Amino acid sequence: MDLLDQLNPPQRAAVEHGDGPLLVFAGAGSGKTRVITHRIAHKVAACGVPAWNILAVTFTNKAAKEMRQRVERLLGTAGARDAWIGTFHSTCARLLRANAADAGLDPRFVIFDDADQQAMVKRVAKDFGLDERRFPPRMLQSRINQAKQECRGPEQLERNSPVDGAIFDVYRTYEDRMAAAKAVDFGDLLYRTVLLLQNSAEVLAAYRRRFRHILIDEFQDTNRVQYVLVKLLAGEAPNVCAVGDDDQSIYRWRGADIRNIRDFQRDFPGTVVVKLEQNYRSTGRILDAAHGVISKAIEREPKKLFTENAGGSPVEIETLADERTEALRVVSWTRALRSKGFELGDIAVFYRVHAQSRVIEEALRAANVPYAVYGGMRFYERAEIKDAIAYLRIVQNPHDDVDLGRIINVPPRGIGKSTVDVLFEQATNRGTSLHDAMCAACGDGSMPAATRKRLGSFRDLVHGWRAREADLSPAALLRLILDESGYEKALAGEDTPESDARSQNVAELVGSLEDYEKTAEEPTLAGFLESITLQSVQDEIEEGDRLTLMTVHTAKGLEFRAVMVVGMEEDLFPFRSSQAGRDPHEMDEERRLCYVAITRARERLLLTNVGMRRLFGFEREAFPSRFLEDIPEDSRTVYSPPGRPRSIGPLGRRSAEPAGRTIDRSYSQLPATGEDDHLGFRVGQSVRHARFGVGLVLRVEPGADPKVSVDFPGHGTKTIVARFVQPA
DNA sequence: ATTCCTGCCTTTTTT
DNA sequence: AGGCAGGAAT
């Protein structure tokens, strides 16, 4: 087989390019993965490079898996085996575990996901007594992540304002608590790998020797620390091949830094640039539409996709009355396509925000159309699954405070909040983990005897499971835990439809652990735990005879014969949150997102917008997205209902008044004057409460259980059952 | 210690 | 609208 035969000239140039830095601009559908896989195969088969010397990095496990399969197809399974193909994060996790001592980590560290991290941040912020309104945990968390993305430890942070000071305190203490918990977060995986390579010349040299050829997929999505990592590994004679498309950069808000593409040519002198502009996916009309949208971006590398597949059906643009009608249109379009020979699996519906999916799901259920929704609440994020996993993680690493804190009283075993608070405090004071504090409390007199006893029996349970880890398979261990912890019984005891669903989910987790044991090369508990925390939405996608529903973000990298994008409206797509005043780069990103949506379609594309949309509980008038105007007229067909002249052309763009009308329910539901008087309380009256003192009645709520809303100076507004306050 | 309720906030989420 | 967190009631 000749690896070069099936390639067009630029693809071939990229594959054949010898040593030295290479930057490939790979437009949508231009055969990017083909170039990477063929380049790997070419290096190995034609240039005599040992597969061992190759590192290929992707962003999702799915991409990594697909890449490996395609390389195997070219080289044979054995020929490809030694190539290191993985995501940034899994690669780093592997490096850190292999060099744990040099990295200053326990090799059994657990990886915290977003939610775990937030729990830890919250705990730290609370210890500092920070006001949640001034310092939302979410903000603190993102500042920490941002710092790590920029390769900055706490000491490298600005500390000029009180706010900066608080962030510094939280960051530093967070790091201490993470160390005590023997846990790392996503940012740590990358940042600590960089530190490892910077601090150990030996380790760095070893990996530079090993990874002679580095290939990076989706380069436009790399952030700073990833870029630094690549530079470190590439070394003095960089054989780095970066493949990306600046037009598909849609994760700027998550730290992806488009400067990496520009800096690449500066940092790697002599970079050869190849542009792949021939598209093998979409019809000419769809590409024209995509180009119309993306060419208006204020900042982009000039390029234009072309295809030999000219013509095709026009892009359809259709205005519906409201989101329910739009959902029905999903059903009718699906039916129409099926009668034309499309399978359900060929069709996808994209939306800007998850909240849009519900109406569509309802319509599909009513019409008996099978579908799968991706994203939103994910399996491993469900409370019961997180609980079960928390137990497993405690077995792997009992010092994991977040997970121990999560399950120490789940199911309820009489170790209440106050007890846990005290234990946390002791742990913080002594610089130990919650686990160690718990064990200490079992042996000293710091807790009441009853509490001590309950802590002791829980500790014994945990230690018992740890002792069994070696001789039980992970799935068997989980079954033992679910039994002995009482978790299973507690769920069964609830006996509600919800608890049944949760039991099923837990059973499914056991099932997926069993699957893992069967399929993994070397199944271990740690391996399973790592694989699930590093899993993405895309990894969950399965082929099947059903319609696909997902956000545009999730759709990146996929393709479908027919695509429908709903909600093509100003303020929704492009999205604009209630706060105004944002920079034009954000609009560019929305534009690129729209470009991504359009370029997923192979043959058919339907874009819809509605006149009236109910979203987030409010109904408001909606106006066609500006992106619709950018689609050339000879590539599109516009359907608007009669009597509703919402032409897409130079449209009646919304005037400058604020977005829609909003009705504040909390006021419209206030009882009218005259109804204010109940039970002797009336609005404006002074009342006294045992704890909050004297306050002013703002609202009286009649009913079987009358309540009053009272503003207590110094305590804020409370809604209290009326009999707990007296007139003052 | 546990359960119930109210008020909050709402984008996207490769790992 | 709906999910969640924190506070209040039992």
Side-chain angles (χ1 to χ4, degrees), chain A residues 57-64 86-93 111-115 117-118 122 132-133 136-138 145 184-190 217-218 220-223 226 248-256 350-356 358-359 374-378 381 383 409 411-420 451 454 530-539 550-557 567 571-579 586 589-590 592-593 596 614-619 665-666 689 691-692 701 705 707 709 715-721 723-724:
Chain A
V57 197
T58 63
F59 277 89
T60 64
N61 297 295
K62 183 174 176 247
T87 65
F88 268 105
H89 290 81
S90 66
T91 302
C92 289
I111 302 170
F112 274 7
D113 69 14
D114 233 48
Q117 183 189 33
Q118 189 167 29
K122 251 188 194 162
E132 286 210 12
R133 302 202 74 89
R138 200 102 227 120
N145 290 337
V184 301
D185 59 38
F186 288 144
D188 283 330
L189 288 174
L190 297 153
D217 191 21
E218 305 278 17
Q220 77 282 356
D221 289 335
T222 51
N223 60 28
Q226 286 161 337
Q248 292 185 70
S249 161
I250 57 174
Y251 286 106
R252 202 180 80 100
W253 53 275
R254 254 180 125 275
F350 303 153
Y351 33 79
R352 180 63 180 76
V353 302
H354 283 300
Q356 291 171 259
R358 230 193 60 238
V359 217
Y374 295 102
M377 178 55 100
R378 293 169 49 197
E381 288 167 1
N409 197 33
R413 47 175 74 90
I415 305 173
K417 194 170 158 345
S418 47
T419 305
V420 177
T451 307
R454 282 177 285 213
E530 185 164 311
S531 75
I532 60 179
T533 43
L534 297 183
Q535 195 176 49
S536 71
V537 183
Q538 284 216 350
D539 297 329
M550 57 174 71
T551 64
V552 182
H553 281 91
T554 305
K556 196 179 78 157
D571 291 357
L572 181 55
F573 198 3
F575 190 89
R576 196 170 61 198
S577 71
S578 42
Q579 308 110 47
E586 289 195 32
E589 180 140 317
E590 293 292 315
R592 293 192 293 265
L593 193 56
V596 166
R614 175 175 286 278
L615 195 67
F616 299 133
F618 289 112
E619 181 160 58
R665 281 303 161 89
S666 60
H689 181 271
R691 261 179 69 201
F692 303 128
E701 199 177 290
D705 200 11
K707 299 184 180 80
S709 291
H715 297 276
T717 304
K718 312 278 178 197
T719 301
I720 294 170
V721 172
R723 71 191 131 89
F724 285 91

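The figures here come from the full heavy-atom set of this structure, side chains too, leaving out hydrogens, waters and symmetry mates. What you see is a predicted model, and the numbers here were worked out from it, not measured in a lab. Chain identifiers are assigned alphabetically (A, B, ...) following the order of the sequence lines, protein sequences preceding nucleic acid strands; residue numbering begins at 1 within each chain.
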**Request:** Provide, to the nearest angstrom, the distance between the CD atom belonging to A:E619 and the P atom belonging to B:dT10.
**Result:** 21 Å

**Prompt:** Separation of A:I415 atom CD1 from B:dA1 atom P, in whole Å?
**Reply:** 10 Å

**Rounded interatomic separation in angstrom, taking CE from A:M550 and P from B:dT13** = 10 Å

**Complete:** Assert: residue with more 5' nearest nucleotide on DNA chain B, out of A:L593 and A:L189, is A:L593

**Message:** Would A:Y251 count as stacking on B:dT13 if stacking means ring centres less than 5.5 angstrom apart and planes tilted under 30 degrees?
**Reply:** no

**Request:** Only one of A:K556, A:R254, A:R592 passes salt bridge (charged side-chain N to carboxylate O under 4.0 Å, His left out) with A:D221; say which it is.
**Result:** A:K556

**Message:** By the 4.0 Å heavy-atom rule, please label A:D114 as base, sugar-phosphate, or nothing.
**Reply:** nothing

**Request:** Between B:dT10, C:dA5, B:dT14, spot the one nearest the side chain of A:K122, thanks.
**Result:** C:dA5

**Request:** Find the distance A:R352:CZ to B:dT12:P and express it as a whole number of Å.
**Result:** 7 Å

**Request:** If the plane angle is over 60° it's perpendicular, under 30° parallel, otherwise tilted; pick one for A:F186 and A:H89.
**Result:** perpendicular

**Request:** Examine B:dT11: is either OP1 or OP2 under 4.0 Å from a nitrogen or oxygen in the side chain of A:T551? Give yes or no.
**Result:** no

**Prompt:** If you look at every strand shown and take non-hydrogen atoms under 4.0 Å, does A:K417 touch a base, only sugar-phosphate, or nothing?
**Reply:** sugar-phosphate

**Request:** Tell me whether the OP1 or OP2 atom of B:dT2 has a side-chain N or O from A:N409 closer than 4.0 Å.
**Result:** yes

**Prompt:** Atom NE2 of A:H354 and atom C1' of C:dG3: how far apart are they, to the nearest Å?
**Reply:** 14 Å

**Message:** Whole angstroms only, please: what is the CZ-C1' distance between A:R254 and B:dT11?
**Reply:** 13 Å

**Request:** Using a 4.0 Å heavy-atom cut-off across all strands, classify A:S418 as base, sugar-phosphate, or nothing.
**Result:** sugar-phosphate

**Request:** Ignoring backbone atoms, test whether A:T58 places a side-chain nitrogen or oxygen under 4.0 Å from the OP1 or OP2 oxygen of B:dT14.
**Result:** no

**Asked** Below 4.0 angstrom, N of the basic side chain to O of the carboxylate: do A:R352 and A:E590 qualify?
**Response** yes

**Request:** With the side chain counted from C-beta on, respond yes when A:L615 and A:L572 share a heavy-atom pair under 4.5 Å apart, and no when they do not.
**Result:** yes

**Request:** Calculate the interatomic distance between A:R138 atom CZ and C:dG6 atom P; express it in whole Å.
**Result:** 13 Å

**Request:** Give me the ring orientation class for A:F88 and A:F59: parallel if the planes are under 30° apart, tilted from 30 to 60°, perpendicular past 60°.
**Result:** tilted

**Prompt:** Could you give the NE2-to-P distance, from A:H553 to B:dT13, as a whole number of Å?
**Reply:** 7 Å

**Prompt:** Taking for each residue the nucleotide of DNA chain B with the nearest heavy atom, is it A:P412 or A:R252 whose nucleotide lies nearer the 5' end?
**Reply:** A:P412

